[in-house]
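Read through the structure below, which is laid out as structure tokens, and then see the notes.
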There are 2 protein chains.
Amino acid sequence: MLSDRQQLILNAIVDNYIHSAEPVGSRTISKREDIGFSSATIRNEMSDLEELGYLEQPHTSAGRVPSTKGYRFYVDNLIQPQLLNEAELGKLKQLFAERILHSEQVVEYTAQILSQLTNYTAIVLGPEIFEHRLKHIQIVPLNETQAVAIVVTHTGRVENKLIDLPEGIGASEIERLVNLLNAKLTDVPLWQLRQRVYQEISGEMRRYAEQYEEMLKVLDKSLTQEEERVYLRGATKIMNQPEFRDVDKVKDILELLEQNDQLLHLIGMPGDGLTVRIGQENQLDAIKQCSIITTSYSLGGKPVGMVGILGPTRMEYGKVITVLNYLAEGLSRMLTSQFEK
Amino acid sequence: MLSDRQQLILNAIVDNYIHSAEPVGSRTISKREDIGFSSATIRNEMSDLEELGYLEQPHTSAGRVPSTKGYRFYVDNLIQPQLLNEAELGKLKQLFAERILHSEQVVEYTAQILSQLTNYTAIVLGPEIFEHRLKHIQIVPLNETQAVAIVVTHTGRVENKLIDLPEGIGASEIERLVNLLNAKLTDVPLWQLRQRVYQEISGEMRRYAEQYEEMLKVLDKSLTQEEERVYLRGATKIMNQPEFRDVDKVKDILELLEQNDQLLHLIGMPGDGLTVRIGQENQLDAIKQCSIITTSYSLGGKPVGMVGILGPTRMEYGKVITVLNYLAEGLSRMLTSQFEK
DNA sequence: GTTAGCACTCATACCTAACGAGTGCTAAAT
DNA sequence: ATTTAGCACTCGTTAGGTATGAGTGCTAAC
């Protein structure tokens, strides 16, 4: 375990490096107000910290830089919660004051503001719709073979899907089906829909005609649609970081961020609380020099989505964590209140 | 006007530069198979071409590089239509073979394929819905104060908007309104909707109650929604270009591309045919070292959307133009056939 | 245990010289 | 009148060599 002084010094080094982006030397630390030792003492401690794996030296005559282990210790033990200033708080409150918005849009704005506030890249995973309850279902035929199935949830989310109609089905039959579905399935949570369709409806429907068998398959398809929506904002912010002035490094990262499915991996699954993945701890090579902080937001106590920040390992962990917590909480409150109406 | 030989040489220089990205010297040109002159002769011609403004010299002891004017002449007069190879054609045909897709999704894939095929950045503007005819309209109340208005067009496009309900309006009244709307407005082109609502419906509605006045405003709002959808793919491709190995240059461009409204400016309005904007000809500083080639695709003869490519001024104009034309035509055919059903 | 002092390391900046790609001009060849 | 060979000249790029200084590690004194 690290001594108090070692912790003090490690903290000072990480802190300094986060703001300067330059390897920090013993003299710099000894000059800090909160440190009362000479550079020689610091040097000795630094040497020890390096031996223990908390610091690294780019080359012999340079200062020290925190290692992944160093950041990890910093995040787990040293970090102090940071308060937001007026302007920042204002922006956040403004977001949650918006009223006439789909929950989806709120999430989109959240990503925007998250990125603006932190100057890092924001990744937000839209709320999973499992918990949402069916408000209305509609099937609109376009021609003899195609129709659009539309599902509206009680929070105002609208999903739609183009479907192929079974041959020989008529408008009136579709209408009958839609009425039946609305009568039986309103207020059923989406995650139960498939099951309920089979349990309650299929029996009744089978009476009508064998086309319904086909129809059922189609319905099933349109109900299980569950597109993952990830919002990415401020992807270019990484280029403001001095350690990413190299096109090749940046390219790998941005190419990664261009792929939606990779974003899903990065952001993780709802349910994990605040998670910090630092540098080497990341699986993907492209972001081994980055850190990702994520947390989930919830709806009625159940986690349904994620908000996250991607930045350099040399990230302002304190601030980012504060902002993320604040936003996740706000989002949760907002969604929950919408949910309970 | 340029002599035949000058044109031949200019063509050779642009061609060479496009593939090498290095200033091209007189010897390089004289060694080409299609050129039968010594380097000295080429030098003299180059000197003339520079004086005329078609070429530029980065510095005295370097070769020549085409100026914007040079590229312009190349594009307008020298370029030869390029044929696509098997693999490329295959990919394009595959796209248009897909059947069960919203037109919106086809457009999205188009951007993807465009970028893959050219190795440049693709920008595609989704089809404007003016021409689309109303198939179905639905208003789903969520609670006492809010509802979702849904508009389905006959091509299967679904628009939805969260709206505030006027106070005191009941579910049955909404239903009556929706029925009225569907009865009167089906098959009306979207661009006429607002007008028709006022002309035909408002009179009848006014009879019911004064709430409808409020309701009308809301409807109007939800019908005029017309979100511009721009699809951007392969934004990072620009980093493959040797002249964009500099983070600062790339940053400006990518930041521009992050802003949806700016993308709209870049891509232009449907209606313009094939347009090439080269380097300095672009308004925005960030892309004065880039060229943009756009063309529109249409629906039933009327232009409704745009496809475009953003690349370095040193772009493979011939190939890009071929691909764009091919895709725009294919898209038009596909949309039109869907439209006519 | 702490600190002052000092030799040592090594990335960076700066300078200079050599190199060579490419030009422009002139004079000879066609 | 063109075209071309020849050659001096320009200037960006590269390589080598040195000075600089930030920072270390070690030792000896406090």
Side-chain angles (χ1 to χ4, degrees), chain A residues 1-10 12-17 19-67 70 242-243 245-246 314, chain B residues 2-10 12-17 19-67 70 242-243 245-246:
Chain A
M1 201 47 205
L2 297 183
S3 71
D4 281 359
R5 192 168 74 185
Q6 283 175 320
Q7 297 197 17
L8 185 69
I9 291 172
L10 180 55
I13 291 173
V14 175
D15 201 64
N16 233 277
Y17 184 61
H19 292 102
S20 72
E22 301 276 308
V24 354
S26 53
R27 246 175 75 77
T28 317
I29 296 299
S30 78
K31 271 188 288 191
R32 279 175 63 120
E33 287 189 350
D34 53 341
I35 306 281
F37 307 95
S38 76
S39 62
T41 310
I42 308 287
R43 271 203 291 288
N44 290 329
E45 294 285 23
M46 277 176 145
S47 187
D48 290 352
L49 283 170
E50 180 170 2
E51 211 163 299
L52 292 168
Y54 294 95
L55 296 179
E56 279 167 1
Q57 225 174 350
H59 54 264
T60 332
S61 68
R64 302 303 209 291
V65 160
S67 66
E243 60 265 57
R245 310 248 78 218
D246 176 27
R314 193 183 58 71
Chain B
L2 297 183
S3 70
D4 281 359
R5 194 168 72 185
Q6 283 175 320
Q7 298 197 16
L8 185 69
I9 291 171
L10 180 55
I13 291 173
V14 175
D15 201 63
N16 233 277
Y17 185 61
H19 292 103
S20 73
E22 300 278 309
V24 354
S26 52
R27 247 175 75 78
T28 317
I29 296 299
S30 80
K31 271 189 288 191
R32 280 175 63 120
E33 287 190 350
D34 53 340
I35 305 279
F37 307 95
S38 77
S39 64
T41 310
I42 308 288
R43 273 204 290 287
N44 290 330
E45 295 285 22
M46 278 175 146
S47 186
D48 290 351
L49 283 169
E50 181 170 3
E51 211 163 303
L52 291 168
Y54 294 95
L55 296 179
E56 278 166 1
Q57 227 174 348
H59 55 265
T60 332
S61 70
R64 301 308 207 290
V65 160
S67 66
E243 60 266 57
R245 309 248 81 219
D246 177 27

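To find a chain, count down the sequence lines: A is the first, B the second, and so on, and within it residues start at 1. Note that the coordinates shown come from a computational prediction; the quantities given were computed from them, not determined experimentally.
- Computed from coordinates, the Ile35(A) CD1 to dT3(C) P distance equals 12 Å when rounded to whole Å.
- The interatomic distance linking Asn16(B) (CG) with dG22(C) (P) rounds to 11 Å, in whole Å.
- Atom CD in Glu45(B) sits roughly 11 Å away from atom P in dT4(D) (whole-Å rounding).
- In this structure, His59(B) places its NE2 atom 16 Å from P of dG20(C), rounding to the nearest Å.
- Using a distance-only test at 3.5 Å, with no hydrogens or angles considered, a donor-acceptor pair links the side chain of Ser67(B) to the main chain of Gly53(B).
- Note that the CZ atom of Arg64(B) and the OG atom of Ser47(B) stand 6.0 Å from one another [nearest 0.5 Å].
- How far CD of Gln6(B) is from OH of Tyr54(B): 8.5 Å, rounded to the nearest 0.5 Å.
- A distance of 7.5 Å separates CZ of Arg245(A) from CG of Asp246(B), quoted to the nearest 0.5 Å.
- Between Ile42(B) and the choices Thr28(B), Ile13(B), Ile29(B), the side chain to side chain contact (heavy atoms under 4.5 Å, CB included) rule is met once, by Ile29(B).
- For Thr41(B), whose side chain is taken as the heavy atoms from C-beta onward, the closest listed nucleotide among dC11(D), dT2(C), dT3(D) is dT3(D).
- Contact of the Arg32(A) side chain with the Leu8(A) side chain is not registered, since no non-hydrogen atoms from C-beta on lie closer than 4.5 Å.
- The CD atom of Glu22(B) sits 13 Å away from the C1' atom of dG22(C) (whole-angstrom rounding).
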Next on the checklist: Within the 4.0 Å limit for protein heavy atoms, which parts of nucleotides 21-30 of chain D are touched? Write it as a string from 5' to 3', B for base, S for sugar-phosphate only, - for none.
Outcome noted: -BSBB-----

